[in-house]
A.B. asks: 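Sending over a structure as structure tokens; questions will come in a sec.
Because only heavy atoms are used, hydrogens play no part in the values below, and waters and symmetry mates are left out as well, while side chains stay in. Bear in mind the structure is a predicted one, so any value in this text is a computation, not a measurement.
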Amino acid sequence: MSEFDTKLVHGKPQNDNNTGAVNVPIYNSSTYIYPSVDANVLYDYARSGNPTRNYLEEQMAMLEDGYKGFAFSSGSAAIHAVLAIFKPGDHLIIGKEIYGGTFRIINQFFKRWKIEFTAVDTQDPTAVEEAIRSNTKAIYFESFTNPLLHVTSVKAISKVAQKHHLLTIVDNTFLSPYLQRPLDLGGDIVVHSATKYLSGHSDVIAGIAVAKNKELAERIYFNQNSIGSTLSPEDSNLVRRGIQTLAVRMDRHLSNAKEIVEFLQKRPEIAKIYYPGIKGSKDFEIAKDEADGFGGIVSFELKEGLDSTKFVEGTNLIQLAVSLGAVESLIELPYKMTHAELSTEEQLKAGITHQLVRLSVGIEDPKDLIADLAQSLDKLN
Ligand SMILES: *Cc1c(COP(=O)(O)O)cnc(C)c1O
């Protein structure tokens with residue numbers, strides 16, 4: 001069982017299966033019997049360990065090529081548990097375009113606990129190196145950013161990190177291990193919102209962290225077990241099941257995104273398209289080298305004067321909603337929805353204009369998606 005797509009379907013062989021069931025059971029047990037008071041039991045209490053959750057955790061460790069995986073009740077909980085391995089006085093360098101919720105945990109939570117942060121454009125390894133201080137402990141970034149799809153080189157940043165004995169932490173939500181395995185490129189910890197591509201059906205909120213080595217795994221496990229934001233057995237099963245179809249879903253996300261980009265390139269209403277698969281940018285060069293595809297998110301700007309609200313409200317098949325990475329296509333206006341927390345000034349500085357639209361391309365027939373976009377564009381003229 002060496003090919004990645006086969007691993008997605010079969011996961012880890014099970015060692016407790018006496019029934020012939022092809023899937024791991026959903027173990028709804030909060031506690032476990034001790035054969036004797038001093039028995040060295042595998043499981044004692046489900047916050048500390050649950051076989052359904054552990055199956056998913058091992059599946060993710062295998063797919064990300066890490067030492068150990070951890071499943072959390074959300075991507076945000078996974079990020080919290082990972083950042084909580086640091087201590088007051090530590091300094092972290094973070095990508096300047098990170099998920100809004102991550103920015104919120106950093107600014108409104110971890111800063112209160114006296115962890116220091118500097119936001120840097122991680123596409124520029126020199127800028128990252130210049131931001132390193134004597135108390136810097138890690139560099140945290142998303143290899144494809146949201147919503148502008150700027151691509152950071154995991155290889156280049158982890159090289160800087162290794163030189164200065166820092167950890168490299170990568171949020172791999174936008175790519176999934178099918179398209180990129182940051183630990184193989186030099187990263188130390190990977191985090192995911194499993195709510196997105198890993199589960200893939202908009203039916204669960206979940207998070208994953210994978211550590212490259214035992215020492216990091218122990219520090220994350222301590223936080224997972226003591227803070228307790230673990231994933232339930234039912235939700236662990238949903239993510240496990242989603243992962244089995246990751247390859248076929250992702251292949252269709254990629255081919256649909258490519259067709260939609262080609263369609264948008266021909267439309268006069270479009271001012272600019274953000275997609276790493278478009279040749280000629282630094283994003284394309286890095287993605288071509290370090291990822292096995294350009295992802296399923298396409299962002300674009302409508303020309304000045306066209307009504308962006310009317311456009312996103314005018315699609316019929318494509319639903320107006322936040323979130324991404326699911327089988328159904330979702331469209332949104334970042335300045336009013338996902339990135340509404342930023343002030344207008346911060347939005348414009350980050351390149352989030354009022355004309356910017358983010359599309360999470362689903363796995364529907366591309367002809368229907370293109371027809372839906374076309375009819376909504378037509379109504380703007
Ligand atoms: C959604 C998302 C998160 C947060 O995950 P939740 O499951 O919503 O808590 C973190 N990072 C990225 C890149 C995301 O898209």
Side-chain angles (χ1 to χ4, degrees), residues 79 82-83 86 90-103 105-107 110-111 115-175 179-191 272-295 297-299 301 334 339 342-343 345-353 356 358:
I79 291 163
V82 166
L83 294 181
F86 299 103
D90 286 349
H91 171 249
L92 272 64
I93 293 170
I94 54 167
K96 76 174 168 56
E97 284 173 41
I98 55 171
Y99 178 71
T102 308
F103 207 64
I105 308 176
I106 285 172
N107 267 329
F110 282 107
K111 280 190 181 168
I115 296 177
E116 299 162 20
F117 297 90
T118 306
V120 176
D121 177 3
T122 50
Q123 206 173 51
D124 180 358
T126 312
V128 171
E129 190 156 23
E130 281 168 5
I132 295 172
R133 305 182 197 159
S134 58
N135 57 339
T136 305
K137 293 291 172 353
I139 307 171
Y140 179 105
F141 61 94
E142 296 169 13
S143 45
F144 279 33
T145 64
N146 175 20
L148 295 174
L149 289 315
H150 289 136
V151 181
T152 285
S153 167
V154 182
K155 281 189 199 163
I157 296 303
S158 52
K159 215 169 128 190
V160 172
Q162 280 161 15
K163 188 174 144 197
H164 295 270
H165 309 290
L166 314 178
L167 297 175
T168 302
I169 307 171
V170 184
D171 181 334
N172 195 24
T173 301
F174 267 45
L175 287 164
L179 297 182
Q180 186 173 70
R181 287 164 299 284
L183 301 185
D184 290 347
L185 299 171
D188 298 289
I189 299 172
V190 171
V191 294
K272 187 162 183 190
I273 305 171
Y274 298 90
Y275 187 65
I278 299 173
K279 289 195 181 80
S281 67
K282 202 168 168 183
D283 303 304
F284 172 78
E285 292 305 323
I286 301 169
K288 178 169 65 70
D289 192 38
E290 298 189 12
D292 295 325
F294 302 109
I297 310 296
V298 179
S299 294
E301 269 164 25
H339 293 67
L342 301 180
S343 67
E345 200 193 349
E346 288 169 322
Q347 287 178 342
L348 293 178
K349 215 174 118 199
I352 300 165
T353 69
L356 183 74
R358 186 187 78 186

A.B. asks: With rounding to the nearest 0.5 Å, note down the distance linking CD1 in Ile79 to CD1 in Ile169.
C.D. replies: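 Here the interatomic distance stands at 10.0 Å.
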
A.B. asks: Less than 6.0 angstrom separating the ring centers of Phe144 and Phe294, yes or no?
C.D. replies: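 Centroid separation for Phe144 and Phe294: 6.0 Å or greater.
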
A.B. asks: Could you check whether any side-chain N or O of Asp283 sits under 3.5 Å from a backbone N or O of Val151, counting only pairs where one atom can act as donor and the other as acceptor?
C.D. replies: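 Side chain of Asp283 to backbone of Val151, a donor-acceptor pair under 3.5 Å: yes, one is there.
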
A.B. asks: Please answer whether the main-chain N or O of Phe284 pairs with a side-chain N or O of Ser281 as donor and acceptor at a distance below 3.5 Å.
C.D. replies: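 Checking the backbone N and O of Phe284 against the side chain of Ser281, a donor-acceptor pair under 3.5 Å is found.
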
A.B. asks: When you measure from the side chain of Asp121 to the backbone of Ala127, do you find a donor-acceptor pair of N or O atoms at a distance under 3.5 Å?
C.D. replies: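 No.
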
A.B. asks: Spell out, as yes or no, whether a donor-acceptor pair under 3.5 Å connects the side chain of Ser299 to the backbone of Tyr274.
C.D. replies: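 Here the side-chain-to-backbone pair does not exist.
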
A.B. asks: Distance only, no hydrogens: is a donor on one side chain within 3.5 Å (strictly under) of an acceptor on the other, for Thr173 and Glu142?
C.D. replies: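 Not at all, the side chains of Thr173 and Glu142 share no donor-acceptor pair under 3.5 Å.
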
A.B. asks: So, does Tyr140 use its side chain to make a donor-acceptor pair with the main chain of Leu167 at under 3.5 Å?
C.D. replies: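 Not at all, since once roles are kept as given, no pair shorter than 3.5 Å links the two residues.
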
A.B. asks: Is any side-chain heavy atom of Phe110 closer than 4.5 Å to one of Ile105?
C.D. replies: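 Yes, close enough: below the 4.5 Å cut-off.
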
A.B. asks: Please identify each residue that fulfils side-chain hydrogen bond (donor to acceptor under 3.5 Å, both in side chains) with Glu285, with sequence neighbours left out.
C.D. replies: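 Lys288.
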
A.B. asks: Can you tell which of Thr152, Ile94, Val120, Ile157 makes a side-chain contact (heavy atoms from CB on, under 4.5 Å) with Ile139?
C.D. replies: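 Per the side-chain contact (heavy atoms from CB on, under 4.5 Å) rule, the option paired with Ile139 is Ile157, out of Thr152, Ile94, Val120, Ile157.
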
A.B. asks: Without placing hydrogens or testing angles, list every side-chain donor-acceptor pair under 3.5 Å for residues 181-190, not counting sequence neighbours.
C.D. replies:
| residue | atom | partner | partner atom | Å |
| --- | --- | --- | --- | --- |
| Arg181 | NH1 | Pro177 | O | 2.6 |
| Asp188 | OD2 | Thr168 | N | 2.8 |

A.B. asks: Just by modelled atom types, is the Gln180 backbone N or O under 3.5 Å from a matching donor or acceptor in the Glu290 side chain?
C.D. replies: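 No; zero donor-acceptor contacts below 3.5 Å.
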
A.B. asks: Lys163: what forms a side-chain hydrogen bond (donor to acceptor under 3.5 Å, both in side chains) with it, not counting sequence neighbours?
C.D. replies: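 Scan of Lys163 (side-chain hydrogen bond (donor to acceptor under 3.5 Å, both in side chains), adjacent residues dropped) gives Glu129.
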
